[in-house]
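Here the structure is laid out as structure tokens; the discussion comes afterwards.
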Amino acid sequence: MKRDTFWWGLAIVAFLVGLVGLFQRITSGHQLANYGSYIPWGLWVASYIYFIGLSAGAFLLSTLVYVFRIERLEKIGKLALFTALVTLIAAMLSIWFDLGHPLRAWRMILRTNFGSMMGWMIWLYTAYFILLVVELWVAMRADLAAWSNRSGLARFLTFGKTDTSEEAVARDRSRLRVLGSIGVPLAVAFHGGVGALFGVVGARAYWHSGLTPIAFLVGALLSGGALLVFLTTIWGPDTGSEKHKDLVLFLGQIVLLLLAFDVLLEWAEYSIGLYSSIPAEAESMRLVLFGPYWWAFWVFHIGLGVVIPGLLLIFGRKSLPAVATAGALIAITFITVRLNIVVPGLAIEELKGLVSAFSGPGLTTAYFPSTMEWLFEVWVAGLAGLIFLVGYRVLPIVRKEGAEA
Amino acid sequence: MPNVLEQESMLVRMQADLQRSLAKPPAERKWVMVIDLRKCVGCSACTVGCVAENHLPPGVVYRPVIDQEIGTFPNVRRRFMPRPCMQCDVPPCVQVCPVGATWKRSDGIVEIDYEQCIGCRYCITACPYSARTFDTGRYYEDGTPVVSDYEKLPAYEYGKEWPRGNGQSPVGNARKCQFCVHRLDVGMLPMCVTTCIGQANYFGDANDPDSIVASLIASPGAIRLKEEMGTEPSVYYLV
């Protein structure tokens with residue numbers, strides 16, 4: 001467990017430091033936030049689509065194991081499911097605290113407007129959450145039963161289903177296939193749905209594209225896959241073995257393919273938007289490329305999120321550290337992609353001169369997340385890290401000895 | 001013959017129009033606003049009147065006056081465009097609300113139920129006119145020793161009393177112009193119409209053929225903003 005000391009330390013520090021942001025949010029509402037009236041969505045919404053993308057991506061990759069039965073990936077099925085669950089929790093926390101009235105969130109269920117993409121979201125997330133928990137449980141059940149002798153928690157979590165015979169395990173596998181098969185359209189629906197949530201907004205030309213939901217899905221697969229590469233490198237099965245290396249390198253090649261496809265979609269969006277130069281859309285794109293936060297796109301996204309990982313995945317495809325670094329870089333820098341979707345779409349005056357017509361907090365198209373916004377997200381990330389580390393320790397996410405059932 | 005041009009005050013005329021419409025069932029009314037940009041001098045009296053009437057906190061504005069500069073110095077002219085909520089007939093804000101907290105009333109006004117609104121701000125992003133703003137609960141005197149009582153006076157939007165404080169609605173909600181529904185209900189014109197120094201602002205019932213607005217919206221100089229969005233605004237500009 002020494003290997004984990006650094007990560008435990010990092011997660012605990014993030015959690016504790018981030019508590020300041022949580023405290024500020026609870027005591028002063030949205031007053032310390034830099035989003036407001038003209039830019040109503042900021043870092044927290046971007047983090048929500050970032051985390052939910054990681055979740056959808058990790059989940060869809062788990063279906064390669066449970067639905068499409070790709071044997072090379074078999075051992076990381078549960079790791080992918082668990083990652084999907086943890087990032088889903090992080091996404092829900094990010095968006096929940098973003099609400100003006102978080103305590104009214106239940107109305108999304110009881111008073112749903114199904115004419116709103118957001119109305120659909122809450123139902124799809126609820127279904128997805130239940131599916132994830134059930135699927136993870138079925139995937140772990142045999143291992144939980146095997147652990148029953150030394151872990152009270154594992155014994156409890158088997159809920160009495162301790163049959164580890166071959167028939168029982170085979171039954172689990174076919175159940176997993178059914179659950180995973182339900183999960184594929186569900187994941188496509190909820191993450192494509194988040195993309196549609198933006199895509200349907202006709203008032204924001206930068207979002208308003210049929211490509212938006214597709215780009216969301218590809219981005220989810222890419223970022224979720226990259227995260228899995230990194231997690232598998234460190235917490236994967238049989239670390240240090242040749243099989244483990246083979247697994248990570250294989251995942252790396254999947255990520256490289258997704259990276260290429262993601263860049264293609266991005267090129268399509270930007271080249272067409274900029275060439276036609278219709279102001280509403282092109283202005284947002286120019287803001288991304290040449291605005292005050294150009295470095296978020298060029299340095300963090302293109303440099304650290306595309307070029308360097310791309311080169312690492314091509315020329316270092318046989319090197320574990322190179323592939324793992326590429327995965328970590330893509331996964332982390334993807335937050336800038338999400339920020340560059342949310343904010344530039346809003347940072348354009350809908351009517352020329354509006355911003356100077358009346359002044360006040362939030363009546364501006366300039367936005368950079370405030371300290372509270374950053375700290376709160378640090379807290380969310382720290383909490384997610386802790387949930388991951390605790391789960392990894394107490395649950396058979398990755399079987400430490402022998403082969404997977 | 002008296003040596004004066006007899007002319008009815010526009011406010012008196014609109015007041016009479018209003019009374020006539022209020023006698024009808026609400027579903028037969030269609031409130032519209034007409035803003036004559038040729039008469040607007042950019043004094044922002046409507047903006048200020050609106051802030052005072054609706055007790056708007058910092059960061060919330062229902063009717064800014066956009067100041068547009070045309071030409072290059074020294075050959076510069078300015079024009080002014082007040083921007084209330086357009087009370088669209090096809091309101092994009094209504095469609096996107098996840099909890100149905102905002103809707104189109106039969107009299108044409110787009111209403112928000114502050115108690116139902118969860119504060120997700122999706123409607124703010126969906127409005128093509130930036131007509132909705134977010135109330136974060138600030139006071140103008142934040143950071144001073146005392147926040148005066150008048151800052152905490154309730155708003156009376158939609159005919160209800162909305163006391164301010166403790167994070168309760170409308171704090172945490174999306175807010176916007178509602179043609180001063182609470183004033184209309186008691187037979188008064190919207191505040192911005194009353195305070196306009198140039199009488200550039202007309203208000204009335206488009207379904208009443210005798211109303212001043214019914215004739216103005218049919219004039220060749222009447223335009224609406226962003227027609228291409230298909231929102232069918234209830235606010236017209238005379239240009």
Side-chain angles (χ1 to χ4, degrees), chain A residues 28-33 35-41 45 95 98-122 197-198 200-205 207 280 342 345-346 349-365, chain B residues 44 47 51 56-61 63-69 80-83 92-101 115-138 140 142 167-175 225-226 229-231:
Chain A
S28 66
H30 297 262
Q31 294 186 21
L32 296 174
Y35 54 78
S37 289
Y38 293 157
I39 299 201
W41 289 347
V45 172
I95 201 63
D98 186 71
L99 293 180
H101 286 278
L103 297 180
R104 297 180 187 170
W106 55 271
R107 291 184 188 169
M108 306 260 295
I109 296 265
L110 289 189
R111 291 274 303 268
T112 314
N113 168 20
F114 286 105
S116 162
M117 279 317 300
M118 202 186 280
W120 280 96
M121 292 292 84
I122 188 73
L197 189 152
F198 288 85
V200 296
V201 178
R204 311 289 176 172
W207 297 345
V342 175
L346 300 165
E349 278 180 322
E350 291 189 298
L351 298 167
K352 247 203 162 13
L354 183 67
V355 165
S356 42
F358 196 82
S359 57
L363 297 175
T364 166
T365 50
Chain B
S44 291
T47 314
V51 168
L56 300 184
V60 176
V61 62
R63 192 191 160 94
V65 177
I66 297 172
D67 185 338
Q68 294 167 328
E69 199 173 281
F80 310 99
M81 191 182 70
R83 201 284 347 264
C93 53
V94 168
Q95 201 182 5
V96 299
C97 177
V99 293
E115 284 301 334
Q116 177 68 9
C117 168
I118 62 172
C120 70
R121 314 190 290 287
Y122 196 8
C123 56
I124 303 182
T125 72
C127 175
Y129 309 98
S130 296
R132 289 173 174 241
T133 49
F134 181 50
D135 188 342
T136 50
R138 290 186 171 92
Y140 291 96
D142 277 342
Q168 57 189 321
S169 284
V171 172
N173 293 128
R175 303 180 64 176
L225 296 184
K226 298 196 179 185
M229 300 298 302
T231 49

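The sequence lines fix the lettering, A, B, ..., with proteins before strands; numbering per chain opens at 1.
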Atom [atom1] in [X], atom [atom2] in [Y]: separation rounded to 0.5 Å?
X: B/Asn173; Y: B/Asp135; atom1: CG; atom2: CG; answer: 7.5 Å
X: B/Tyr140; Y: B/Leu56; atom1: OH; atom2: CG; answer: 6.5 Å
X: B/Ile118; Y: A/Arg107; atom1: CD1; atom2: CZ; answer: 9.0 Å
X: B/Ser44; Y: B/Phe80; atom1: OG; atom2: CZ; answer: 8.5 Å
X: A/Met118; Y: A/Thr112; atom1: CE; atom2: OG1; answer: 12.5 Å
X: A/Met121; Y: B/Tyr122; atom1: CE; atom2: OH; answer: 9.0 Å

Mark yes or no for whether [X], through its side chain, and [Y], through its backbone, hold a donor-acceptor pair below 3.5 Å.
X: B/Tyr129; Y: B/Leu225; result: yes
X: A/Gln31; Y: B/Gly137; result: yes
X: A/His101; Y: B/Glu115; result: no
X: B/Arg83; Y: B/Ser130; result: yes

**Study point:** A/Tyr38 side chain to B/Thr133 side chain, donor-acceptor N/O pair below 3.5 angstrom
**Key:**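 No, because no side-chain N or O of A/Tyr38 sits under 3.5 Å from a partner of the opposite role on B/Thr133.
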
Part of [X] lying under 4.5 Å from any heavy atom of chain B:
X: A/Leu197; answer: both
X: A/Arg204; answer: side chain
X: A/Phe114; answer: neither
X: A/Leu363; answer: side chain
X: A/Val200; answer: side chain
X: A/Leu99; answer: both
X: A/Ala33; answer: backbone

Who wins among [options] for the most heavy-atom pairs under 4.5 Å with chain A?
options: B/Met229, B/Gln116, B/Gln168, B/Lys226; answer: B/Gln116
options: B/Cys97, B/Pro58, B/Ala126; answer: B/Cys97
options: B/Cys120, B/Gly230, B/Gly167, B/Pro64; answer: B/Cys120
options: B/Asp67, B/Ile124, B/Ile66, B/Thr136; answer: B/Ile66

Point to revise | Greatest number of heavy atom pairs closer than 4.5 Å to chain B - which of A/Gly360, A/Ser37, A/Ser28, A/Ala280 | key: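 Option with the top pair count is A/Ser37.
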
**Study point:** Greatest number of heavy atom pairs closer than 4.5 Å to chain B - which of A/Ile39, A/Leu110, A/Leu346, A/Asp98
**Key:** A/Asp98

If I measure from the heavy atoms of chain A, does [X] come under 4.5 Å with its side chain, its backbone, both, or neither?
X: B/Glu69; value: neither
X: B/Val65; value: backbone
X: B/Arg132; value: backbone
X: B/Thr125; value: both
X: B/Pro92; value: neither
X: B/Ser169; value: both
X: B/Arg138; value: both
X: B/Gln95; value: both
X: B/Asp142; value: side chain

Review point. Parallel, tilted or perpendicular for A/Trp207 and A/Trp41, by the 30°/60° rule?
Key: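 Geometry flag for A/Trp41 against A/Trp207: parallel rings.
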
**Study point:** Trace of the side chain to side chain contact (heavy atoms under 4.5 Å, CB included) decision for A/Ile95 with A/Val45
**Key:** CA-CA 6 Å; A/Ile95 201 63; A/Val45 172; 4.0 Å; yes

